[in-house]
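What follows is a set of notes on a single structure, which appears directly below.
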Amino acid sequence: MPSAHYFPLELQPSNDDQECEEEEQLVDTEHRTSMPSSQYNSHYHPQLADYDNEDRTPELGMAPRLNRSGPGRRRFWLPLLIIVSFCVVFYLMFSSQTFGLRANFDDFEDDYEPHNGQDSLNTHALNESLHICSESYEDRRLYMQDKPRSAYAQMPVIYFVTPTYPRREQIPELTRLAHTLLHVPRIHWLVANDYERCDTFMDILLNRFGIPFTHLSSPMPHKFRSTKPAPRGVANRRAALQWIRQHNLTKGVLYFGDDDNTYDLRLFSEIRQTQRVSMFPVGLIADYAVSGPVVRDVSATIRTYYFEYLSLTYALSLVKGKVVAFLDSWVAGRRWPVDMAGFAVNLAYMSLYPNVNMPYKPGYEEDLFLRSVGLHIDQIEPRGKNCTEILVWHTQTKNKKAPVVRLERKFLDGRSNLGALFRSLKMMGVASVSDTEGPLAIISKNGKGKPHSYFLS
Ligand code: UGA
Ligand code: MN
């Protein structure tokens with residue numbers, strides 16, 4: 001996400017952009033769709049192009065020297081090159097990665113290289129161990145938006161991925177989000193919790209809503225916790241991607257919906273029809289309070305429709321514009337400078353890209369994810385009346401530490417509600433009580449505080 005507090009990747013001078021643009025003209029769209037992302041991506045991004053060069057430094061460095069040298073020198077370099085190549089092949093054959101033995105986060109962490117998105121993208125394939133805490137495929141809702149559930153049976157399912165983490169705002173955020181999702185037919189809610197264990201309170205909560213859901217335990221690898229900024233929600237989304245892959249889901253639409261955003265119900269009808277990748281503006285992002293695609297070819301057609309016989313809103317809904325660029329105050333070399341909530345992906349399309357990935361790279365998650373699905377600008381489907389509407393808001397909830405309230409435990413029995421109340425607040429991670437710590441709880445009547453024993457003993 002697009003926010004000024006991330007450090008941009010260092011951009012080095014490169015004229016690759018121009019070449020890329022030219023290349024883009026030549027490559028046919030359909031061909032691109034089936035092209036493996038690893039081949040496709042490295043052509044486009046200036047940073048990646050530079051990294052690519054860096055990676056090949058030994059070769060590139062040798063080439064001119066070989067040209068300049070005589071046959072004697074060539075005789076010296078050739079055996080050396082053969083030995084080096086042999087070592088590389090040997091290493092690749094016996095590294096655990098090649099054999100797919102890398103099964104947990106720890107190994108991943110060892111290989112992690114900061115500021116190297118492409119590396120993460122290609123070599124650290126999704127292979128986290130998946131921990132499902134609870135799930136339900138049953139939709140217990142009878143009616144949604146005034147229609148019975150059966151009226152929606154033929155619609156594609158939206159897989160709504162919500163990363164979440166324990167803090168005192170977690171349960172309120174999820175409750176509010178659930179009450180939006182309750183209105184949305186054909187949805188599977190993937191709630192991935194950044195927590196080592198399964199939160200049983202959350203199981204109960206999610207079950208109660210009656211929305212089909214999967215509750216995953218997907219903690220951030222330890223190493224990243226202390227990094228600033230930390231890759232928030234990445235382990236969670238990776239786990240959800242892994243879940244989708246394990247279930248061989250090739251129908252439906254994937255959407256990454258954080259737990260603190262605000263979603264307009266119209267968003268869901270818009271993204272449900274996604275053929276490949278749809279995009280739309282997100283409100284309240286960074287310096288411009290908005291981030292989203294720039295769409296062209298709208299105005300001329302609109303003018304015809306609008307001035308002749310239609311309302312502007314209706315005219316906009318009829319026209320098919322093209323995404324030509326992006327408006328976002330934090331570009332930092334990103335090819336796709338969009339927010340996580342600003343796009344949706346069709347699962348049939350995504351399944352064509354076995355290297356789909358979201359690296360642990362703060363600020364670049366969206367960009368690198370979209371590159372891992374070989375996206376091309378011509379393929380983007382603008383939504384929300386050609387990106388003129390805001391259907392999702394990047395609202396943020398103020399985070400505060402859960403307080404400890406001083407209240408003698410001997411009073412927290414069945415004599416009043418307070419014992420049960422604080423027990424549930426503790427379970428939700430909202431507040432806890434202590435005999436000795438924290439500000440003394442004030443219990444009052446008629447505007448006057450009295451000793452706890454006055455009401456509770
Ligand atoms: C912005 C974007 O909207 C996110 O999609 C993006 O992941 C994030 O920046 C980032 O790149 O850091 P922002 O509001 O700044 O979001 O971040 P949060 O809302 O705090 O976190 C994003 C998601 O990750 C939330 O759903 C949150 O519950 C979850 N999260 C956050 C974790 O799972 N673990 C954490 O330690 C922090
Ligand atoms: Mn947020």
Side-chain angles (χ1 to χ4, degrees), residues 1-9 105 117 120 128 131 133 160-178 180-181 189-197 199 202 215-241 254-263 267 279-292 328-330 332 334 336-345 358-370 390-401 429:
M1 123 83 209
S3 136
H5 66 262
Y6 292 123
F7 305 110
L9 286 177
F105 285 133
S120 319
E128 15 274 287
H131 194 86
C133 297
F160 192 95
V161 172
T162 299
T164 186
Y165 69 111
R167 80 275 194 201
R168 71 174 205 171
E169 293 78 11
Q170 182 177 38
I171 298 299
E173 303 271 35
L174 290 174
T175 305
R176 180 171 54 190
L177 177 51
T180 299
L181 300 185
W189 193 13
L190 283 151
V191 182
N193 198 9
D194 182 352
Y195 185 49
E196 285 78 12
R197 283 173 282 144
D199 180 340
M202 200 177 297
H215 170 196
L216 300 168
S217 156
S218 50
M220 186 187 294
H222 212 257
K223 175 169 187 163
F224 299 119
R225 286 232 181 263
S226 47
T227 60
K228 284 221 162 37
R232 284 173 292 174
V234 177
N236 327 37
R237 296 189 196 100
R238 288 172 64 90
L241 288 169
L254 165 69
Y255 181 75
F256 294 114
D258 290 352
D259 58 3
D260 56 345
N261 292 340
T262 304
Y263 306 93
L267 171 75
M279 285 194 184
F280 30 87
V282 181
L284 299 181
I285 293 283
D287 296 351
Y288 310 150
V290 68
S291 158
D328 188 293
S329 65
W330 194 73
R334 292 183 301 162
W336 309 115
V338 294
D339 184 66
M340 197 64 79
F343 62 88
V345 185
M358 184 176 292
Y360 289 97
K361 187 151 190 56
Y364 291 84
E365 295 97 338
E366 298 89 345
D367 187 30
L368 296 174
F369 170 79
L370 288 168
I390 303 283
L391 301 177
V392 51
W393 300 92
H394 184 246
T395 41
Q396 290 182 300
T397 306
K398 214 171 176 179
N399 282 19
K400 276 190 163 186
K401 248 185 101 193

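Start at 1 and go down the list; that is how both ligands and their atoms are numbered. Each residue takes its place number in the sequence, starting with 1.
- Interface atoms of ligand 1 facing His394, defined by a heavy-atom separation under 4.0 Å, are 1 (C), 2 (C), 3 (O), 13 (P), 14 (O), 16 (O).
- For ligand 1, the atoms closer than 4.0 angstrom to any heavy atom of Asp260 are 14 (O), 19 (O).
- You'll find the side chain of Met202 reaches within 4.5 Å of the side chain of Gln170, heavy atoms only.
- The one candidate from Thr164, Thr162, Asn193 that meets the side-chain hydrogen bond (donor to acceptor under 3.5 Å, both in side chains) condition with Asp259 is Thr164.
- Using a distance-only test at 3.5 Å, with no hydrogens or angles considered, no donor-acceptor pair links the side chain of Asp258 to the main chain of Asn261.
- Interface of Glu365 with ligand 1, defined as ligand atoms under 4.0 Å from a residue heavy atom, comprises 11 (O).
- Only the side chain of Arg237 comes within 4.0 Å of ligand 1, counting heavy atoms alone; its backbone N, CA, C and O stay farther away.
- Counting heavy atoms under 4.0 Å from ligand 1, residue Asn236 touches it through the side chain alone.
- Within the listing of ligand 1, atoms 25 (C), 26 (O), 27 (C), 28 (O) sit less than 4.0 angstrom from a heavy atom of Asp259.
- If you number the atoms of ligand 1 from 1 as listed, the ones under 4.0 Å from a heavy atom of Asp339 come out as 2 (C), 3 (O).
- Ring geometry for Phe256 versus Phe369: interplanar angle over 60°, hence perpendicular rather than tilted (30 to 60°).
- The two residues Pro163 and Gly233 make their nearest non-hydrogen contact at CB-CA, 3.7 Å.
- In plain terms, the two heavy atoms of Trp189 and Phe160 that are nearest each other are CD1-O, 3.3 Å.
- Taking distance alone, with nitrogen or oxygen atoms compared against 3.5 Å, Glu366 stays at or beyond that limit from ligand 1.
- Checked for salt-bridge contact, Lys398 and Asp260 miss the test: no charged N lies under 4.0 Å from a carboxylate O.
- Listed by number with element, the atoms of ligand 1 under 4.0 Å from a non-hydrogen atom of Thr164 are 28 (O), 33 (O).
- Note: no N/O pair closer than 3.5 Å links Met220 and ligand 1 by distance alone.
- Among the atoms of Asp260, an N, O or S atom is found under 2.8 Å from the Mn ion (ligand 2).
- For ligand 1, the atoms closer than 4.0 angstrom to any heavy atom of Asp194 are 32 (C), 33 (O), 34 (N), 35 (C), 36 (O).
- With Arg197 contributing its side chain and Tyr195 its backbone, the two residues share no donor-acceptor pair below 3.5 Å.
- Salt bridge annotation for Asp328-Arg334: present, with a cationic side-chain nitrogen under 4.0 angstrom from a carboxylate oxygen.
- Taking only nitrogen or oxygen atoms, main chain and side chain alike, Arg225 does not reach within less than 3.5 Å of ligand 1.
- Using a 4.0 Å heavy-atom cutoff, Gln170 is absent from the residues neighbouring ligand 1.
- Taking 4.0 Å as the cut-off between side-chain N and carboxylate O, Asp194 and Arg237 do not count as a salt-bridged pair.
- Near Gln396, meaning under 4.0 Å from one of its heavy atoms, ligand 1 places the atoms 13 (P), 14 (O), 15 (O).
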